[in-house]
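Report on the following structure.
From a predicted model like this one, the values you see are computed outputs, not experimental measurements. A, B, ... follow the sequence lines: proteins, then strands. Residue 1 opens every chain.
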Amino acid sequence: MRKFIFSFLALILVPIYAMGQEIKGKVTDVKGIGIPAAYVVAKASNKSTITDVDGNFKIKASVGETITVSMLGYETVNAKASSETMRFTLKDSKEDLKEVVVIGYGTAKKRDLTGSVATIKGTELTKTPSGQIGQAVQGKIAGVQVISNGSPGDTPIINIRGVRSLYGDNQPLYVVDGILVDNIDFLGSNDIKDITILKDASSAAIYGYKAANGVFIVTTKGGGYNKPAKLSYETYFGVQQASNVVKMANAEQFTNFALESGSASEIGSINAAIQRFGRSRVNPNLPNVNTDLYKETLRLATMSNHSLSVDGGSEKVSYSLGGDFFSQDGILKMKNSYKRFNIRGSIDAKAKDWLTVGAKFVYSRSTKYDDEASAWSQIYYAVPILPVYDNLFTDASPHPYSDARVLGYRDSQNPFPLLDNSDRLGVRKRNTINIYANFNIIPKELSFKTSLSYNNREDNQRTVSLPYFVTNSYQRDISESSIERKSITYENYTWDNVLTYTKKLGDHDLTLLGGTAFNDDSYKWFSVRGFFDPGSGFSRNIPQTWYLENTTASGRVSDDYEDSNKPSVFYALSYFARFQYIYKNKYILYVTDRREGANKYQDKYINLPAFGASWVVSEESFLKDNNSINLLKLRAGWGRLANGNVPANRIKSALNRTTIFNDQVLNGFGFATYDDNLSWEFTEETNLGLSSELFNNRLTIEADYFIKDTKNLAIPVSPIIGSELSYKNVGNLRNKGFELSLGWKDKIGENFGYNINGNFSKIKNEVTNIGGQDFINRGSAEFQQRLVVGQPLDVFYGWDIVGVYQNQAEIDADPVAVNAGNIKPGYFRYRDIDGNNILDANDRTYIGSPLPTYFYGGSLGLNYKNWDLSLAFYGQGGNVILNRNRAEVIRTSGRNIDAEFAINRWHGEGTTNEFPSSEGYRQSWNQRNSKFWLEKGDFLRVQNIQLGYNLKSDKLPETRFTLTADRPYLWSKSKILFNPEVGNSGVDLGVYPTPSIVSLGCSIKL
Amino acid sequence: MIKNKNMKNIHFFKAIILVSTFLLTSCDEKLDTEQEYLAGSSIDYSSPEAAKGALIGAYSKFQVMGWHEIPLISVRGDDVNAGGLGDQAPFADTDNYIYDNNFWMYNSVWNSWYQKIVEISTQIEQLEKFREGGVNPALINQYIAECKTLRSFTLLEISRVWGEVILMESLDQSQLKLKSKDEIMKWISGQMDESIPNLPDMRPNQRTDLKGGITRYTALAIKAMANLELKNYPEVANATGIIINSGKFSLYPDYYNLFNIPGKLADENLFEIQYSDLGTASGGEGKNHTWAFYGPSSWQPKVLGASAGWGFYEPSLKYIKFMISRGEKTRLQTSVLFTNRGINKIKEDPNYATLPSWISNTTPSGDVINDYTRAMFASGKHYLPSDQLTPGRKAYGTNKNYIITRYAEILLMYAEAVTRGAQPSAGSADNAVNIVRQRAGLGILSNVTSDQVMNEKFAELGMEWGIRYYDMVRLGKTDELSYDGRTFVADKQFLPYPLAQLEKINALK
């Protein structure tokens, strides 16, 4: 609006005033394409502005005054203001890639990096409508695997360059504005300016023992000096739907399967269902019930986000303030949602010439209603011949839930009593504050920065189980309904002091940095659980009465396996130094060292060195003027990291034990029998890489080859007898692989631009040493996985299947079957590896690995005038996943099965050579740990398709509309997994399905 | 010029001072702070109360029994079938002597019971620390003896099931040895000889410090069981004779309620696992066993709302017919819950076409058992009448104790040993058998043979702990165990080692 008035006035007031005239201009690059957001300053008039999307600007200045135009990546141009429309052509800055990247305790030019570092901008992150930033990173960076989590408010799991620790976490370190945090769930995508990911040891080592799994350096939006205030508002609204829902057997398929099983109780249950619910009109042999439980329990759910921010700055002060509100409902039909409210602010001030101070804070409060995880397996297993509600239960409240036990099954199976009567509320408050002072002791040479950060996270959980009544034997009485309150507090202080010295002497460019960091972490929790007192004010319908006061005092239990009220406190003090030497802008040497001391392990101190070198080949005389090769850099690095996430030795103090004597509880104590002996787990990594930009910076290539060895791997060692594991550092693990990222961006004509990006990585994981043991058993007893030298971590160990016996003649002809006895057609034929005609433990072999071996991702972006379209995809594969859902039959029968199995089961000679018969499914011969239970984990998912429109008008502020489809399509090799992104244990047992989301967004910038 | 240089110097000095102040106030000493919970609860090794706490810890570990543990030990006899039709097929196979070493139950029981042995041994080691701390050595000797008894019983059952198993004599797992069943039984007998003098000379329910805890007679009973497995009848008679001669034990007159709430801590019990719901209607820190495993899956209890069970552990037709032909009423009514379907099944046999009228699907306490597909009968000894549930509690069997061994078993072990030639140090075999028979409402026998004693054992101890199975196996009675379609041969005596344990066991060979 103001612009309109100005231009109108300018037009009317035709005579040129000596003071204050509207100077117009256009800023373009050497190809004539407009440069947006270039900085235009009229110093004498004290005015500044930035160019719009097409490179145009208007500024109030006097004719003849100097107008300066500058832009990152280009050479600054000065010109005298004229009344005609000015034209500025900016040339590419020879100081190429002046782009500055945040690295540990400082910044560096991207060009000077020797390690494997990737960056991702905030604008890339906001493309994905998700409350979790980790989700937005999926598929974008080679070597970074993100495993999503569908439940609202749950954070995805991130692994950088493979899984390297068994006992310690594999999560990277997150550094948010200098504060070390364990999780970035409290930030929204709109709060982020950019994220730098330090993938290899040589770059991450400076962060010390918490950085063993890589580092995510997150920088929140800040203001800028001399920047006009900018107000922006962004919002989106989306609808989620469960995608890739597994098709379960319907009533007809299930009934056939049950009849074929030959099990009298299964057949009896079908008849009981027919008796109770009547016969189906379509097929009189089926009961009149056909429940699709996934359809009954999943729903469409909405999500929305609003964020508002203002940032700007004057010559001495820069500021930024923002707030967001995010809300997401879950697709599971129960109280399942996540709401988060954030405010953040930052201020930097040049208090004196030699002193800059600043502060940053983020406050976040989120309310999460968790899903009832155990409901997922009930939903999977509930038989389709059971309806959701059974009106024959006339006294029920709140609803007449059906009960599978009346049909003869062992349990009630219906998930709705659980879904309707569980309330799992968690409120999380988080505060992160950072204040710093930067002393410029010798300008441009010596500076000292001290920075104090405080990070506090407080979780308050209330889990309530509400009463319900169906029949006397199917109810949860008020006195069995419970409330549990748990309070967890985590606090962390960090105090960093860094002294930096930079000197440029001719061709030599030296940076030296030294510092200390002190860290204090404390963690404590407390919980109480009680059962409601029927005589109290408790009412199911009034949440205000859900308090511990309304529970019976004698029945309250405090969780005190160990004295939970005592905090665990960890201290760490480190000294670190970095030395960077650049010669002639071509040869770069980089060395860091960090000496860490912590009270967590017996060995208190550890030394973590790293070094890197790189050669900017494109600066050499033979390539300097080459127009095709704009940048060619070779890099090499080595570093040692320590994994401080390995838990400390478990203390063998007395454990409270109780027992009954004479109807009274007596207290005693026991002792753990494990004998941990843990010290630092190391990772040493060598990285070789190449970075290149070609053809006028249109093609970018990043390639890396790495070998990462984890030494002193903390492994659980099981005793010969007894079940308590002890942790010892006796293993070595190797992750070896390569990463390749390619990017191409170009313009065709004035209006049409496109970019294509792709990344691919391959990782091979191998156990190299387990302390002399032949192998270590892992996984469950029935589905063994092993740690064995030469195989990947947790490789599955079991029998190989050759086919299915089709008829009695085949059985009689196979000595293995004859010796086993009791084998029928429809049973598996296993491979008798040792050839002794007896199928036993010696015929087992390695049948698959739970770790993916290759990952890839890519994106395509098009823009035409005001429109843009982008598409991103992601995939991985090479792993197998144990379908524990289908394998639950080993524990009990009387469960539903997936439709693929129901249709393809063996039911006669020649019907299939892959699936067993229904009767065979229940026999232990076929329940062995074999390839049948392992699904291939290969998949390709379209991550995100976004269509955007930028509304450009002089009258309106900058507005952008977007329509996004998030995770709209998945192709996976296995048809029966909900979500092939299971964690690295490789076992699928009831996972929250990931939703597909369609959303509409709008952003306005003033 | 000079001013500038001075300014620079001042700045430089400022820097040095600042930096050194920061670095000097380093927090090095905090690294030596022990993590707070390390400095936490420490035990006063001079306190007798704390020593008792160590003993309670051992009992606590012993008491926790998963629902599947005792059934796996006891299911293979001709007194009981697996039940739970269609569920846990490999469990039913085990009952039919078809073994699968990949079955999760075998591994779970092995691991869990060995973990009991490891933890009880740890407690013994702790008790030695109390001795060093100055606690009364006689008290320590007693507590250690109680732990040894718990440990020996656990090992006894493991060896009965698997035969040649691992013996742990100290916590150092590099000293473990694989021993044959006979060697294990001899070791157990030796452990009991060490323990007996240190244990209190009274009934378990006479102890005031831990009512129902282990006493001298518990250890004697276990010694007798170990020697019975060794077929060392003189030692069996010796040990059981001492118990009988003490005069401390007597049979609980009401056989039906021996297994219910009134029978908790009865004068007949030598060893029981105690459970309780503390008399409250809900919540609290009570401990209970999952009796639901044994309960019928459909019933109309006298007390509305009492939960049904899972329908496993079905008394066999052979056992029921055996009892009917002996004219047993008290013991049959107590041991078996009938369903109409089951009764009709019995009647299908022309020899049992007419049955006494008290055989019905209503229990003596008034609970009505409906027909259900999973089994035809349910175990009465593992049943709690719904009117004995603590008001407000619903779970099947909650508050019941699990009897391990009782005086009736002692009397019958004595009688068998005497009929097999041992010295009758505590009266005649006839006398012992008749005491048991009289309580059951049966007539007197004279000149009792060992076969008659075994039949008496079958009738008296059916459904309990697989005693029948281990007796038949010991006596080589493959014909008895080959019933209702099963075929038992001698090499089916032991279960195979669990697959997940094979490599560890083979390493010890």
Side-chain angles (χ1 to χ4, degrees), chain A residues 263-266 268 354 408 410 441-442 448 450 472-473 479-480 497 499 516 518 531 552 554-555 557 563 566-569 571 573 597 599 604 648 651 653-654 657-663 665-666 668-671 673 719-723 777 781-782 841 890 892-894 922-924 928, chain B residues 11 15 19 22-23 27-28 30-31 33 35-38 40-41 43 53 56-57 59-61 63 85-87 89-90 100 102-104 107 111 114-115 118-119 122 126 166 168 173 176 210-212 274-276 280-285 287 304-305 307-308 310 373-374 392 499-500 502 504:
Chain A
S263 155
S265 70
E266 295 277 336
W354 46 271
R410 207 225 284 188
I441 303 169
I442 302 172
F448 175 73
T450 178
N472 276 314
S473 55
S479 59
E480 291 163 327
N497 294 296
L499 187 66
T516 74
F518 174 72
F531 292 89
T552 45
S554 58
V557 175
D563 196 346
K566 287 197 184 149
S568 329
V569 190
Y571 298 109
L573 172 65
N599 74 336
K604 292 202 167 51
I651 302 306
S653 58
R657 289 262 153 84
T658 55
T659 189
I660 304 282
F661 277 96
N662 196 22
D663 282 306
V665 176
L666 292 188
F669 65 87
F671 271 87
T673 58
I720 301 177
I721 56 170
S723 51
N777 273 330
E782 304 81 41
I890 61 165
T892 186
S893 55
R922 288 151 228 281
Q923 301 304 323
S924 53
R928 292 163 184 266
Chain B
H11 282 219
V19 168
F22 278 127
L23 292 177
C27 316
D28 219 353
K30 286 229 168 167
L31 292 184
T33 321
Q35 292 161 47
E36 297 206 14
Y37 55 75
L38 252 174
S41 45
I43 300 169
I56 290 172
Y59 274 99
S60 169
K61 184 60 191 176
Q63 171 212 62
L85 184 61
D87 199 347
D100 175 18
N102 196 25
F103 184 32
W104 67 270
N107 189 49
N111 251 343
Y114 265 111
Q115 182 62 15
V118 170
E119 289 194 31
T122 308
Q126 283 290 308
I166 301 175
M168 172 182 244
Q173 296 216 13
L176 294 174
L210 292 174
K211 188 168 180 188
Q274 298 191 52
Y275 295 108
S276 177
T280 56
S282 69
E285 290 181 44
K287 305 234 178 231
L304 290 180
S307 297
W310 302 355
T373 45
R374 290 175 153 232
L499 189 56
L502 262 186
K504 289 186 226 175

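Using a distance-only test at 3.5 Å, with no hydrogens or angles considered, no donor-acceptor pair links the side chain of S265(A) to the main chain of T373(B). With K287(B) contributing its side chain and V665(A) its backbone, the two residues share no donor-acceptor pair below 3.5 Å.
Only the side chain of S263(A) comes within less than 4.5 Å of a heavy atom in chain B; its backbone stays farther off. Of the two parts of R928(A), the backbone and the side chain both hold a non-hydrogen atom closer than 4.5 Å to a non-hydrogen atom of chain B. Proximity to chain A (any heavy atom under 4.5 Å) is restricted, for N107(B), to the side chain, taken from C-beta onward. Of the atoms belonging to Q126(B), it is side-chain heavy atoms, and not backbone ones, that fall under 4.5 Å from chain A. Heavy atoms closer than 4.5 Å to chain A are found in both the backbone and the side chain of L85(B).
Judged as a salt bridge (charged side-chain N to carboxylate O under 4.0 Å, His left out), and not counting sequence neighbours, the contacts of D663(A) are K264(B). Every residue meeting the side-chain contact (heavy atoms from CB on, under 4.5 Å) condition with L666(A), not counting sequence neighbours, appears here in chain and number order: F661(A), I56(B), L210(B).
Nearest approach of V118(B) to G722(A), heavy atoms of both residues: CG2-CA, 4.3 Å.
Taken to the nearest 0.5 Å, the CD1 atom of I166(B) stands 7.0 Å off from the CD1 atom of I720(A). With rounding to the nearest 0.5 Å, the separation of CD1 in I660(A) from CD in Q63(B) is 6.5 Å.
Residues Q274(B) and T659(A) form no side-chain contact, since every pair of their non-hydrogen atoms from C-beta on lies 4.5 Å or further apart. Side-chain contact between I43(B) and F671(A): present, with at least one pair of heavy atoms (C-beta onward) separated by less than 4.5 Å.
Counting heavy-atom pairs closer than 4.5 Å to chain A, the top-ranked of the candidates S276(B), P90(B), G392(B), G57(B) is S276(B). Per-residue heavy-atom pair counts under 4.5 Å with chain B were compared for P719(A), G268(A), G408(A), and the maximum is reached by P719(A).
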